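Remember, it's a predicted structure, so these values are computed and weren't measured experimentally. For the numbers below, each heavy atom of this structure counts, side chains included, while hydrogens, waters and symmetry mates do not. Proteins come first, then strands; the chains are lettered A, B, ... in the order of their sequence lines, and each starts at number 1.
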Number of protein chains: 4
Amino acid sequence: MRSRDTFTSEQRRAQLVDAAIAVIAEHGYPAASVAKIADRVGIAKSVALYHFRTKDELVAAVTVVVFAAAAEYIVPALAAAETAAGKLAAYIRSNAAFLAEHRAETVALREIATGYRSAEGRRFDEAVTEDTAANPPEGDLALLDPAAIFALGIETGEFRADLDPVRAGSALRGALDGAATDLARLTAIGVTYDPIAYGETLVEIFTRGVLA
Amino acid sequence: MRSRDTFTSEQRRAQLVDAAIAVIAEHGYPAASVAKIADRVGIAKSVALYHFRTKDELVAAVTVVVFAAAAEYIVPALAAAETAAGKLAAYIRSNAAFLAEHRAETVALREIATGYRSAEGRRFDEAVTEDTAANPPEGDLALLDPAAIFALGIETGEFRADLDPVRAGSALRGALDGAATDLARLTAIGVTYDPIAYGETLVEIFTRGVLA
Amino acid sequence: MRSRDTFTSEQRRAQLVDAAIAVIAEHGYPAASVAKIADRVGIAKSVALYHFRTKDELVAAVTVVVFAAAAEYIVPALAAAETAAGKLAAYIRSNAAFLAEHRAETVALREIATGYRSAEGRRFDEAVTEDTAANPPEGDLALLDPAAIFALGIETGEFRADLDPVRAGSALRGALDGAATDLARLTAIGVTYDPIAYGETLVEIFTRGVLA
Amino acid sequence: MRSRDTFTSEQRRAQLVDAAIAVIAEHGYPAASVAKIADRVGIAKSVALYHFRTKDELVAAVTVVVFAAAAEYIVPALAAAETAAGKLAAYIRSNAAFLAEHRAETVALREIATGYRSAEGRRFDEAVTEDTAANPPEGDLALLDPAAIFALGIETGEFRADLDPVRAGSALRGALDGAATDLARLTAIGVTYDPIAYGETLVEIFTRGVLA
DNA sequence: GATGAATGAGGCTTCATTCAT
DNA sequence: AATGAATGAAGCCTCATTCAT
C-alpha cells in the first residue's frame, strides 16, 4: 500500500540510485552492500530497504535509470543518421559520448552486467537476453542492438554481404564494453582516459572493416 | 614447515586449481567459496587453505595457470606468422581456439578479471596493469598485448600510419573478451556458441580495419 | 488528543481487530506483523499503531472480542441448563458450536494463547491466570471455567465425589483446545473438520467419565 | 563433506539440542533465536550453524531427540499391557511420567508443535500429519497414536461400539497436551504442578468414558 | 485522524580465516 | 599433510515503534 510517488520518496529513491551507482562503480558489484550505499546517502540501512523492498529492486532501478540515460544519447543520434554507415558511426560516437559524460553510470552498469547474480544464480545478462527474446524492441530502439545496424547495412548494400551481422555486433559491443572496463581500470590507477578518441578509433576500424 | 614442492602437494594444488576453475566458471567469482571448491575436490575447506594460504593465492594460481595455457596457444602461433597482418590473424585465431577448447578456463578467467577485488578493493586488472608496467614482457611474450602487434604493423607499413595502436589493441581485446562473456551467457541459457566462427569475423573486420 | 470513542475510530478499531483475526489465523501469530494486518484493512501501518498504541494492545483487543463472542454462546447455554450434567453438556456443545461458526476467531485465539509473549517474555495465559486470580468472575461467568462445573456436580452429588474438579477442568479445556488445533491443522491441509461431532464425542466421554 | 560423527561434534550437537530445549521451553519457539541458544552453550552463533546447517535442522534434531525419549517411556508401557483398557491407562500414565520427568523437553516439543512454521508458512503438525499419512508406523509404534488404542478396544469389545476412535484419540491427545501447557504456565508463575495426579484423573475419566 | 518516512534492534546465514591436534 | 572446530565480520531482510506533517 505504499504510494511511492511522493516528492520526498522520489527524492530519496533518486539519491539511493545515485549512491548505488557511485558505490558500485567504486567498489564493484559484489562489494556494493546496501549498508555502504545507505551510508553514502547518510541514512540507515533499513531506510534503503524501505524505499526499495530488496537489494535487487534497487539494482534494477539503477539499470533502468542508466539504460534510459544512455538511450537518450544513442536513440536521437541513430535517428539523425541516414545511412547505415552513418548510423554505425553515430552509435559508436554516442556510446563514447555517454561514457565520457557518465563515467560512473557506465562503469556501474558494466559491473552489474558482469557481476550480478540472482538468488538462484542467474546472470544479469541471461535475464536480459531472455527478456529481449520475449519482447523484441521496435523502431529505433531495435537499433540499440548493433547487430541490427550491421544487418541494415548489409540490406542496403553498404556493408559486405558476407558479413555476419550478429558476430559483428558482438565485436562492436565487446569493444565498447572494453572501454568501460578500461575506464574503470585506468581511472583507479590514476591514468586519464579519453573515450571520445577511443570512439574515433572504433569508427575507423569498424567502418573500414565492414564496408562493401 | 610446509614444503610446497612435494609431489602430493603439487598434485593437490593442481586439483584445487582445476576445481576452482570449474566452480568459478559455473557459479561466478563471488559465489565461488573456498568451501565449494574444496568440496569439489573432496577435501576439507581447511586443506585448501593449507595449500594456498589465502583465497587470493588460489585465485592467483588460477590466473597463472590459465594465462600459461593460453600463452601456449598464442605464442607459437604468433611466432609462426611473419607479417604483422599474419600475426594479427594468428593472435585472433589462437585466442579463439583457446576459448573453444578451454571454455571453463576462459569463463573463469573472465569472471575473475571482472569480479575479483583484493581486500583493499583493488581490481584484478589494476594489479595486472601495474605488474606489467613494472616488469614489461620481452620477446614474443610482448606480443601478447595486441597493441604491440598493431605497433609492429604500423612500423612495417602494413597498417595505417594514423592508427592508434593502443586503442586498436583495446578494441581487439574488448572484442575478444566479449566472446568469453557471450560464451558464458549463451552456455548458461543452453545456446551453443561457435568461437572459431567469431574469430573469423574478427579477423576480417580487424584486418580490413587497420590495413594501410 | 486522541479521542477513542468517535464513530470512525471505533469502526477502524473493529476493522483492525477483524483483520488481525484473519491474518493471525492464516499466518500464525509470529508472522502476523502489524504491516500485514494494516495492509488487509488497506491503511498504513502507522495508522494501525495510531489506533492501538502498540501491537500488544491490538492483540489484547482481539482476545477481548473473541472471548466476548464466545461468552455469548456459552453463558446463555449454561444458564439454560439446570443440572450439572446438563451444564457440562451445554458447555461442551456451545464451545463446539462457537468453534464451528467462528473458525478464524478460534484459531486466532489459539495462536495467540500459544504464541504470544509479552516484551518481558510472559506467556499470554500467565497473564490471564493472574488476572483471573486477581478478579475472579462471578455468577454465570464463573462457570466459564469448566472446573466450576465439575465442582458444582460434585456438590450436587451428580458427579463422583472422588473427582478432582480442577484436573477434570483442565482435561476438558485441553480436549476443547485440541479441537482448535486440529481445526487449524486439518484446514491447512485441506481436510474438513466437524466440530459438532467432536463435541458429541466429548459429551459422551466426559459425562460417563464423571458421573457418580 | 562434513563428517558429523566425531566425538566432539556429537557432544556439541547434544549440547546445542539441550540448550535449544531449555531456551525454547523458557522463551517460546518464536523467541528462541540461534543466538540465544548458542549463548547458552557459551559458543558463537556461527558455531551453532556450523553443527546444524540451519535453524530448522537444529529444531528437527530437538524433535527427534524428544520423540525418541518419549517413545522409550510409552512403547514399553504399551507393550506390557495386555487389554485395551490396560494399554489406555499405560499410555496415559507413561505420557504423564515422561512429562513429570522431562518437563523442559515436553514444553519445548509443545512450543515447537504449536509455534513452528516453515519458511513457506507450513505448520509443524501439518508436516507431521502428512508424513504419517505417507509412512504409517507399524507394530507397537502405531499405538503412539491414541486413536489406535481406542480402535483396538472397540474391536475387542472392551470399549463402546459407538465410540469414534479418532475423535476420542483427539480428545485424549488434547487433554494430554493441555498438561504440557498447564505445566509451562504454572511453572512460569511459580505454582507447582503434579503431572502424575493429572494422569490418574485422565485414566479415571477416559476409562469410564469409553468402556462398553 | 491519518500517514509517509525513518530508525535500530534483532533474525538467519555465508564466508575466509585460524588453530590445535 | 590433513582436518574438524571455532570465530567474527558482514550480508540481506523484517519488524515494532516514533515523529513531523
Side-chain angles (χ1 to χ4, degrees), chain A residues 1-9 11-12 30-36 38 43-56 58 119, chain B residues 1-4 6-9 11-12 30-38 43-56 58 119, chain C residues 1-4 6 8-9 11-12 30-38 43-58 119, chain D residues 1-9 11-12 30-36 38 43-56 58 119:
Chain A
M1 276 310 150
R2 296 175 193 162
S3 61
R4 289 280 177 57
D5 29 76
T6 321
F7 176 66
T8 326
S9 190
Q11 213 170 240
R12 267 274 181 274
S33 64
V34 174
K36 253 179 227 148
I43 59 179
K45 183 176 39 169
S46 49
V47 179
L49 291 162
Y50 167 72
H51 290 283
F52 295 93
R53 234 186 325 278
T54 187
K55 190 191 176 183
D56 276 19
L58 171 53
Chain B
M1 212 56 86
R2 295 175 191 163
S3 56
R4 284 280 171 61
T6 319
F7 174 65
T8 35
S9 189
Q11 210 170 242
R12 269 273 180 274
S33 62
V34 174
K36 252 181 226 146
I37 294 168
I43 59 179
K45 182 172 43 166
S46 47
V47 179
L49 289 160
Y50 167 76
H51 289 284
F52 295 93
R53 207 138 22 102
T54 182
K55 191 190 180 186
D56 280 16
L58 170 54
Chain C
M1 209 57 83
R2 294 173 191 166
S3 57
R4 285 281 172 60
T6 320
T8 35
S9 190
Q11 210 170 239
R12 269 273 179 274
S33 62
V34 175
K36 249 181 227 148
I37 294 167
I43 60 179
K45 181 173 45 166
S46 47
V47 180
L49 289 161
Y50 168 75
H51 289 285
F52 295 93
R53 208 137 24 99
T54 181
K55 191 191 179 184
D56 279 15
E57 257 180 37
L58 170 53
Chain D
M1 277 310 152
R2 297 177 192 159
S3 60
R4 288 277 176 59
D5 29 74
T6 319
F7 175 65
T8 325
S9 190
Q11 212 170 240
R12 266 274 180 275
S33 62
V34 174
K36 252 180 227 148
I43 58 180
K45 183 176 39 169
S46 48
V47 178
L49 291 162
Y50 166 73
H51 290 283
F52 295 92
R53 233 186 326 277
T54 185
K55 190 190 177 184
D56 277 19
L58 171 54

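Here A:Ser33 contributes atom OG and A:Lys45 contributes atom NZ; the two are 8.0 Å apart, rounded to the nearest 0.5 Å.
The side chain of D:Arg12 contributes an N or O atom lying less than 4.0 Å from OP1 or OP2 of F:dA6. Listed pair C:Tyr50 / E:dA2 fails the phosphate criterion, with no side-chain N or O lying under 4.0 Å from OP1 or OP2. Using a 4.0 Å cut-off, no side-chain N or O of A:His51 falls inside it from OP1 or OP2 of E:dG4.
Atom C1' of nucleotide F:dA5 and atom CZ of D:Phe52 are separated by 14 Å, given to the nearest angstrom. Rounded to whole Å, atom C1' of E:dG4 lies 14 Å from atom CD1 of A:Ile43. Protein atom CD of A:Gln11 is 9 Å distant from nucleotide atom P of E:dA6, rounded to whole Å. Following rounding to the nearest Å, C:Glu57 (CD) and F:dA16 (P) show an atom-to-atom distance of 15 Å. Rounded to a whole Å, the CZ atom of D:Arg53 is 13 Å from the P atom of E:dC15.
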With 3.5 Å as the limit, what N/O pairs link the protein to nucleotides 10-12 of chain F?
residue	atom	partner	partner atom	Å
F:dG11	OP1	A:Ser33	OG	3.3
F:dC12	OP1	A:Lys55	NZ	3.0
F:dC12	OP2	A:Val34	N	3.1

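Nearest heavy-atom pair across C:Pro30 and D:Pro30 is CG-CG, 3.7 Å. The nearest pair of heavy atoms linking C:Val34 to C:Ala48 is CG1-CB, 3.9 Å. B:Leu49 and B:Lys55 get closest at one heavy-atom pair: CD2-N, 3.9 Å.
Counting only Watson-Crick and G-U wobble pairs whose two key distances fall under 3.5 Å, DNA chain E forms stems of three or more stacked pairs at E:2-21 with F:2-21.
Remark on DNA chain E: of its neighbouring residues A:Ala44 and D:Ser46, the 5'-side contact belongs to A:Ala44, judged by nearest-heavy-atom nucleotide.
Between the side chain of C:Lys36 and the main chain of C:Ala31, a donor-acceptor pair closer than 3.5 Å is present.
Side-chain N/O atoms of A:Thr8 and base N/O atoms of E:dG4 include no donor-acceptor pair closer than 3.5 Å.
Contact annotation: the side chain of B:Ile37 approaches that of B:Leu58 to within less than 4.5 Å [non-hydrogen atoms, C-beta and beyond].
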